[in-house]
Amino acid sequence: MVTSNDAGLSVPDWPTSFGYLVKVPHFVGGIRYEWSHRMVAGSLLTLTLAIAIWTLLVERRRWLRWLAIGAFCTVILQATLGGMTVLFLQPPWLSTAHATVAQTFFCIAVAIALFTGRKWVEEQPPVEFDSRRPSLFTLTLFSIFVLYVQLILGGMFRHHGMSWWPHVLNAVFVTIVLTWTAIRALSVYSRIEAVRWPAILMLSLLITQLCLGFAAFVTRVEWGKDALQPELPMVVATVTHVAVGALLLATTVVLAIQVWRHVPVAFAERTSRALEQENVTAS
Amino acid sequence: MNTKRGWMIAISVLAACALLLIVACNKKEEQPANTAAEQAAPAATPIDQATVATIDGTVKFDGTAPKAAKIDMSQDPACKGMNESENIVVDNGDLANVFVYVKDGLGNRTFDVPKDAVELDQQGCKYHPHVLGAMAGQTIEIKNDDQTTHNIHPTPKDNREWNESQPPSTAPLEKSFAREEIMLPVKCNQHPWMKMYINVVKSPFYAVTDKSGKYEIKGLPPGTYTIAFVQEKLGEQDQQVTVGPKETKVVDQSFKETGM
């Protein structure tokens with residue numbers, strides 16, 4: 001909402017807002033978006049700190065405790081980048097870093113929710129070894145990579161640091177890689193529910209995202225080039241495009257995690273050990 | 001547990017250092033960038049006032065003038081009155097808000113920076129004037145006559161960028177730009193329709209066309225000059241002009257509809 005309404009610098013100071021930390025300013029124009037953004041960010045930082053402390057106190061899994069600390073550090077980094085965008089007057093690379101770290105934090109938060117969910121904790125995961133090359137896990141990692149590239153290109157375009165065409169061109173690669181990944185997941189491992197649903201959701205979000213990208217392009221690049229101020233269609237199109245982009249990235253991360261858990265890569269050593277384990281269990 | 005606490009302390013210290021660094025960098029940005037340039041300004045080249053010439057004329061718009069788009073200012077109740085786009089202002093074919101200046105022909109002459117400030121007013125959530133001219137180093141006095149806060153945010157290419165808030169009923173801001181820059185955009189991020197342009201030049205030989213498209217540049221030493229006419233949407237057009245001692249020359253210009 002802040003960038004789409006060109007309100008990023010409507011509050012010129014940071015970490016204070018017009019000299020105060022929490023005092024509500026004259027709530028008009030671009031200030032509404034920027035000040036609300038800062039207050040939501042502050043709340044998010046507090047909540048993430050609470051989650052990190054809670055996890056440190058009650059969680060037995062060491063790696064999950066580190067992930068919670070990582071989430072808190074990511075929020076701190078994100079707040080610092082947000083402040084720097086204000087103080088350094090929004091250089092495109094800095095604003096893009098702010099956008100990228102935001103989605104990284106979202107993915108970490110979704111992963112924590114997944115790892116602490118009842119299903120993850122209690123279920124005995126069904127496993128199918130993946131002997132195809134490239135493996136489904138490799139495909140999911142490649143999907144995350146092309147989505148990150150897309151996020152950076154989109155951020156640079158959105159913050160006037162680059163033309164629109166690299167973002168549009170990379171959308172073709174994103175479509176190919178994500179479709180390949182989803183088709184592989186659904187055609188070979190659809191019996192595994194934890195893989196099937198993220199794959200279906202990823203494909204659905206991809207289609208939605210392509211439509212929203214087209215709408216954002218038409219409203220902002222074509223119709224909006226002579227706009228005197230941000231207009232409702234261009235704001236709605238770009239905000240939903242960014243939000244669905246974040247959902248798509250998080251869904252792909254969830255798919256990668258579930259594939260890592262349920263469809264491990266079948267190295268020769270690992271397969272023989274798994275067979276041994278199966279024999280022991282059977283006997 | 002001790003290792004964990006150590007990590008937490010290290011991270012907190014790093015975050016605090018980052019914050020301090022940012023605040024320190026911000027303070028550095030606030031220092032005036034042109035103090036050295038002002039101090040090192042060479043003495044002005046004298047002009048023989050008995051021989052100076054004048055260039056005036058009218059700038060026209062050739063074609064059907066676009067209808068000015070209405071601006072919706074409802075997001076701030078303090079922004080009262082009617083507002084419409086000013087990117088092409090045409091009245092009976094006369095084109096307003098064209099910046100006219102001597103682009104070339106003055107050689108190595110230097111000029112005193114006027115002591116008087118030029119004024120930029122924010123009234124009705126609109127900039128007055130929409131196009132402003134100033135000499136490099138000249139003070140620009142920025143006033144806020146609205147009952148709402150504005151932020152003034154120039155986005156120059158060759159000068160230092162800054163962004164400052166100006167609440168209602170506060171003292172005018174006094175700013176200047178050190179380097180020549182034509183059509184330097186200024187905007188308000190709180191009211192995204194508010195846009196204007198400042199033109200920073202090295203000589204006092206500039207003008208902005210009024211509502212009737214007229215301009216006048218006085219006090220020019222005799223010589224041959226390139227006069228540039230710059231419009232924010234229609235671009236730049238140049239003319240070569242030679243003026244003799246005490247001569248007044250009419251130099252008209254027209255911008256065509258094509259290319260919009």
Side-chain angles (χ1 to χ4, degrees), chain A residues 2-19 25-35 45 49 52-53 56 62 65-66 69-70 72-91 94 160 225-232 235, chain B residues 1 4 7-8 11-12 14-19 21-30 66 68-79 83-87 125 147-155 160-168 187-195 233 260:
Chain A
V2 173
T3 303
S4 295
N5 283 289
D6 197 16
L9 294 172
S10 56
V11 183
D13 56 333
W14 187 90
T16 53
S17 302
F18 300 110
H26 189 42
F27 211 57
V28 293
I31 297 170
R32 293 174 301 178
Y33 305 108
E34 174 62 17
W35 190 81
L45 196 145
L49 179 63
I53 291 169
L56 286 173
R62 192 182 165 85
R65 292 205 295 263
W66 277 109
I69 293 170
F72 180 66
C73 293
T74 311
V75 171
I76 295 288
L77 173 66
Q78 176 66 353
T80 310
L81 288 171
M84 285 167 73
T85 58
V86 172
L87 300 179
F88 294 110
L89 305 168
Q90 291 186 320
L94 200 50
H160 314 291
K225 61 187 169 193
D226 290 326
L228 299 168
Q229 58 182 315
E231 289 162 2
L232 188 63
V235 172
Chain B
M1 198 65 187
K4 226 178 282 169
W7 270 105
M8 292 298 286
I11 288 162
S12 309
L14 275 174
C17 289
L19 280 175
L21 183 72
I22 290 162
V23 173
C25 289
N26 188 42
K27 280 186 178 164
K28 196 176 173 185
E29 276 287 298
E30 283 168 6
K70 294 269 182 297
I71 292 172
D72 174 18
M73 300 196 294
S74 59
Q75 56 180 279
D76 189 341
C79 297
N83 198 353
E84 55 185 22
S85 70
E86 291 178 286
N87 49 20
C125 296
Q147 287 308 307
T148 189
T149 302
H150 291 294
N151 76 299
I152 302 98
H153 180 200
T155 53
R160 188 177 68 91
E161 187 177 350
W162 50 269
N163 179 32
E164 278 187 35
S165 180
Q166 192 175 32
K187 64 179 175 180
C188 171
N189 297 93
Q190 293 170 18
H191 307 99
W193 60 85
M194 285 180 71
K195 292 184 181 93
K233 292 289 282 181
M260 281 168 56

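Just so we're on the same page: letters track the sequence lines, and every chain starts at 1.
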Treating [X] as the side-chain partner and [Y] as the backbone partner, does any N or O pair qualify as donor plus acceptor under 3.5 Å?
X: B/Glu161; Y: A/Phe88; result: no
X: B/Gln190; Y: A/Gly29; result: no
X: B/Lys195; Y: A/Gln229; result: no
X: B/Asn163; Y: A/Leu9; result: yes

(request) Grab the two heavy atoms, one from A/Phe18 and one from B/Thr149, that are nearest each other, plus how far apart they are. (result) CE2-CG2, 4.4 Å
(message) Please give me the minimum heavy-atom distance between A/Val28 and B/Gln75, naming the atom from each residue.
(response)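 Closest heavy-atom pair between A/Val28 and B/Gln75: CB-O, 3.8 Å.
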(request) Give the member of A/Ala79, A/Pro230, A/Ser10, A/Ala227 that has the highest number of heavy-atom pairs under 4.5 Å with chain B. (result)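 It is A/Ser10.
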(request) Select one option (side chain, backbone, both, neither) describing which atoms of B/Asn87 are under 4.5 Å from chain A's heavy atoms. (result) side chain
(message) Can you tell me which portion of B/Asn189 sits under 4.5 Å from chain A's heavy atoms? Options are side chain, backbone, both or neither.
(response)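 Contact with chain A involves both backbone and side-chain atoms of B/Asn189.
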(request) Using a 4.5 Å cut-off on heavy atoms from C-beta on, say whether the side chain of A/Leu228 contacts that of B/Glu84. (result) no
(request) Working to the nearest 0.5 Å, report the span between CG of B/Asn151 and CD1 of A/Ile31. (result) 8.0 Å
